[in-house]
Amino acid sequence: MLDVQLLRNELDVVARRLAARGGYQLDVESFRKLEERRKALQSDTESLQAQRNALSRQIGAAKRDKDQQAAESLMVQVNAFSDELKNKQEKLDALRGEMEDLLLSVPNLPHGSVPAGASEQDNVELKRFGEPRSFSFSVRDHVDIGESLGQLDFEHAVKITGSRFVVLTGAIARLHRAIAQFMLDVHSGEHGYTEIYSPYLVNAESLRGTGQLPKFEEDLFAVPRADDSRFYLIPTAEVPVTNIVRDEIIPADRLPLKFVCHTPCFRSEAGSYGKDTRGMIRQHQFDKVELVQIAHPENSYQVLEELTGHAETILRRLDLPYRVVTLCAGDMGFSAAKTYDIEVWLPGQEAYREISSCSNFESFQARRMRARFRNDKGKPQLVHTLNGSGLAVGRTLIAVLENYQRADGGVDIPGALQPYMGGLKAIASPR
RNA sequence: GGAAGGGUGGCAGAGUGGUCGAAUGCACCGGUCUUGAAAACCGGCAGAGGCGCAAGUCUCUCGUGGGUUCGAAUCCCACCCCUUCCGCCA
C-alpha cells in the first residue's frame with residue numbers, strides 16, 4: 001500500500017511513476033473525486049462530533065450539579081442534530097472503505113534504479129556466472145532423465161491428485177530433500193539467518209499484509225472452514241514469515257531481522273494453462289527455501305544486494321551456471337519496488353530459467369501490516385521488508401539433474417550435496 | 001467438545017456509565033548532578049487521521065463487529081483469541 005499522503009500531495013507524480021509498470025493506469029480522476037468528498041465529509045462529521053462531545057460533557061456537569069432542567073435542555077440540543085451526525089458518519093465510513101479498496105489495489109512505485117519497460121523483453125542482465133557445459137552426447141531434459149531412472153513420476157501424481165503434481169522416489173526424492181537441507185544449513189549457518197518453521201495455512205489478513213489479497217485471490221488455494229471464513233495454502237513462505245512482524249514495533253537495534261524458512265508452496269497457476277506443461281517447472285505444489293529480512297529503511301537496498309548474494313551462493317556452491325537480471329518496471333510483482341531474478345541454466349531447455357526472485361518491498365508491505373520499528377526520535381516508523389528465494393527447491397533439482405547428467409543416463413551428485421546423500425557420488429544409471 | 005476465568009499504552013497492571021486516551025510501575029527520550037558512568041532528582045513519553053504556514057486544535061481507537069445512551073474501557077448481543085481444568089488426539 002502506498003502512503004495516502006503521497007497520493008494526496010503528489011497524485012500526478014505517483015501516476016507517472018506507476019505508468020512505468022507497463023502502462024499501469026492509476027485512476028487519478030476517481031481518486032481526486034473521492035478525496036474531495038472525503039475532505040468535506042470528514043470535517044463536517046468531526047465538527048458535529050466535537051459539538052456532541054462538548055454538549056455531553058456539559059450534561060455530565062449539569063447532572064453532577066443536580067440541575068436536571070439544564071441537562072434536559074442540553075439533551076434536546078444534541079438530539080437536534082444526532083440524525084444528521086449518524087447519517088454523515090455512515091457516509092464517511094462507506095467512503096473510507098472505498099478509499100481503502102482503491103489504495104489496496106494500487107501497486108508499489110518502482111525504485112529509481114529500475115529500468116523502464118513493459119515485459120520480460122526489457123529486463124536488464126546484470127551478470128553471469130559459469131559457462132553452460134557442453135555435452136558430448138545428446139542432452140535430455142529432467143523428465144527424460146528422471147523417468148528413465150524410474151524416480152520421477154508424473155503419472156501416479158495425476159492419478160493421486162491431477163496435473164501439475166509429481167511423485168519423486170528413491171535417490172531423486174532424497175536429492176530433493178538434500179537440496180533443501182543444504183540451503184537451510186548455508187543460510188542459517190553462514191549467512192546469519194534464523195531458521196523458521198511456520199504454518200502452511202494462513203488467514204486472509206496475512207495475505208493482505210504481503211499483498212496477495214485482495215487482488216490475486218485466484219492464484220491461491222483456499223481451504224473452507226466450518227464458519228464461512230477460510231484459510232489459504234501459502235503461495236510462498238514470504239507470507240507467514242513476513243507476517244511475523246505484522247502489528248509489531250521492533251526495537252531498532254534488532255534490525256535487520258533475518259529469517260530462512262523451508263516450506264511447500266501452493267499456487268493455482270490460474271492463467272498459465274498452456275505454459276510449462278511438461279515436467280516439474282511449474283507445479284501446483286513445490287518446495288522453496290525462502291529468505292526474509294526486515295530492515296531499516298536506510299539500508300534496505302544494501303540488504304537487497306546482500307540477500308541476492310546469499311541466494312547466488314547456493315548456485316555457486318552447486319556450480320550451476322546462472323545469470324542475474326534486474327526486472328523492468330513492467331515485469332515486477334505488484335508489491336515490489338525492485339526485483340532481481342536469478343536464472344539458472346537448464347540444458348534441457350537451452351535457456352536460463354528463473355530459480356529465485358529477490359525483492360525489496362520498501363514500506364509497501366509494512367504499511368499494510370503496520371510493521372514498524374522505533375526510530376532514534378523514539379517514534380514508530382515503518383520498516384522495509386525484503387525477501388528472495390534461496391532457492392526454489394524443485395527447480396534446483398531440475399537444474400542438478402540436467403546439468404549433471406551423464407551419457408549413461410546417470411546423474412552425478414554435486415560435491416556440496418554429497419554429505420546430504422550419505423556420501424553418494426552419483427545416481428546410478430538404469431541398467 | 002464441556003466448564004471457569006481473562007483480553008487495557010513498548011511491557012506489567014489499575015480503572016465497572018460523565019473532562020478517562022486512561023492511575024501507577026518498568027522501559028525509553030531530554031535535563032540536573034558527576035572526570036565519566038551508575039544512582040538520585042526534574043521533565044517528556046500511545047497510535048492513526050483531519051484542519052492549519054505555525055503555535056495549535058479537532059476526531060477516532062481500551063480483542064473485533066453490532067447495540068443501548070446526550071455520553072461506553074465500563075452495560076447488552078455475537079464472534080475471535082488467550083489461560084486453567086476435564087474429555088479426545090499425532
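Order of the sequence lines fixes the chain letters, A, B, ..., with proteins taken first and strands second; residue numbering starts at 1 for each chain.
Counting any heavy atom pair closer than 4.0 Å across all strands shown, A:R367 reaches no nucleic acid atom. Within the 4.0 angstrom heavy-atom criterion, no nucleotide atom of any strand lies near A:P251.
Rounded to whole Å, the distance from CG on A:L92 to C1' on B:G49 is 11 Å. Computed from coordinates, the A:D93 CG to B:G49 C1' distance equals 13 Å when rounded to whole Å. Put simply, CZ on A:R370 is 15 Å from C1' on B:A46, counting in whole angstrom units. One interatomic measurement links the two molecules: CD of A:E248 to C1' of B:G47, which rounds to 15 Å at whole-angstrom precision. Between the CZ atom of A:R372 and the P atom of B:A46 there is a distance of 14 Å, rounded to whole Å. Rounded to a whole Å, the CZ atom of A:R64 is 12 Å from the C1' atom of B:G71. Put simply, CE on A:M369 is 17 Å from C1' on B:A48, counting in whole angstrom units. The interatomic distance linking A:D247 (CG) with B:A48 (P) rounds to 12 Å, in whole Å.
When the C1' atom is used for both B:G87 and B:G17, the distance is 42 Å, rounded to whole Å. Nucleotides B:U35 and B:C26, compared at atom P, are 27 Å apart to the nearest Å. Comparing the P positions of B:G52 and B:G47 gives a spacing of 23 Å, expressed to the nearest Å. Of the P atoms belonging to B:C62 and B:G5, the separation is 23 Å, rounded to the nearest Å. The separation of B:A54 from B:G18, taken at their C1' atoms, amounts to 34 Å, rounded to a whole angstrom. Comparing the same atom, P, in B:U61 and in B:A22 gives a spacing of 14 Å after rounding to whole Å. A distance of about 24 Å separates the C1' atoms of B:G63 and B:G25, rounded to the whole Å. Comparing B:G10 with B:C58, their C1' atoms sit 27 Å apart, to the nearest whole Å.
Under 3.5 Å, the side chains of A:E306 and A:Q293 contain no donor-acceptor pair of N or O atoms. A donor-acceptor contact under 3.5 angstrom links the side chains of A:K338 and A:S113, judged on distance only. There is a side-chain donor-acceptor pair under 3.5 Å between A:H262 and A:D287.
Evaluation of the side-chain contact (heavy atoms from CB on, under 4.5 Å) rule for A:A222 yields A:R230, A:Y232 as partners, not counting sequence neighbours.
Residue A:Q5 places its side chain closer to B:G49 than to any other of B:G18, B:G49, B:G10.
Surrounding CD of A:E298 are at most 12 heavy atoms belonging to other residues, nucleotides or ligands under 6.0 Å away.
Nearest-nucleotide mapping onto RNA chain B: of A:I59 and A:R96, the residue sitting toward the 5' end is A:R96. A residue-by-residue look at A:N79 and A:I249 shows that A:I249 has its nearest nucleotide of RNA chain B further toward the 5' end.
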Tabulate protein N/O versus nucleotide N/O from nucleotides 51-56 of chain B, keeping only pairs under 3.5 Å, one per line.
none

Mind listing the N/O atom pairs, protein and nucleotides 75-83 of chain B, below 3.5 Å?
none

Test A:T45 against A:Q42 for side-chain hydrogen bond (donor to acceptor under 3.5 Å, both in side chains), laying out the working first.
CA-CA 5 Å; A:T45 306; A:Q42 181 166 352; over 6 Å; no

Go through it in stages, so that I can follow the logic: the residues are A:H191 and A:L307, the test is side-chain contact (heavy atoms from CB on, under 4.5 Å), and I'd like the CA-CA distance, side-chain angles, deciding distance and then a yes or no.
CA-CA 9 Å; A:H191 297 152; A:L307 187 147; over 6 Å; no

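Taking the six-membered ring for Trp and the full ring otherwise, the centers of A:H384 and A:Y301 sit at least 6.0 Å from each other. For A:H310 and A:Y193, the ring centers sit closer than 6.0 Å to each other.
Contact between the side-chain N/O atoms of A:K379 and the OP1/OP2 oxygens of B:G47 is found at a separation under 4.0 Å.
Pairing partner, B:G30: B:C42, with both Watson-Crick or wobble hydrogen-bond distances short of 3.5 Å. Pairing for B:U64 is with B:A78, a Watson-Crick or G-U wobble pair whose two hydrogen-bonding atom distances lie under 3.5 Å. Across all strands shown, B:G71 remains unpaired; no Watson-Crick or G-U wobble contact has both distances below 3.5 Å. Figure legend. B:U57 is base-paired to B:G50; pairs are counted as Watson-Crick or G-U wobble with both atom distances under 3.5 Å. Remark: B:G1 base-pairs with B:C86; criterion is Watson-Crick or G-U wobble with both hydrogen-bond distances under 3.5 Å.
One finds no salt bridge joining A:R267 and A:D219 here, because no Lys/Arg side-chain nitrogen approaches an Asp/Glu carboxylate oxygen to under 4.0 Å. Taking 4.0 Å as the cut-off between side-chain N and carboxylate O, A:R21 and A:D331 do not count as a salt-bridged pair.
Within the 4.5 Å cutoff, the side chain of A:L168 has heavy atoms near those of the A:M280 side chain.
Applying the ring pair (Phe, Tyr, Trp, His ring centres under 6.0 Å) rule to pairs touching residues 205-225 of chain A yields A:F216-A:F334, A:F221-A:H284, sequence neighbours excluded. Pairs of residues two or more places apart, or lying in two chains, never qualify as side chain to side chain donor-acceptor pair (under 3.5 Å) while including a residue from residues 48-58 of chain A.
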Classify every nucleotide of nucleotides 58-65 of chain B by which part a protein heavy atom approaches to under 4.0 Å, writing B for the base, S for the sugar-phosphate alone and - for neither, in 5'-to-3' order.
BBS-----

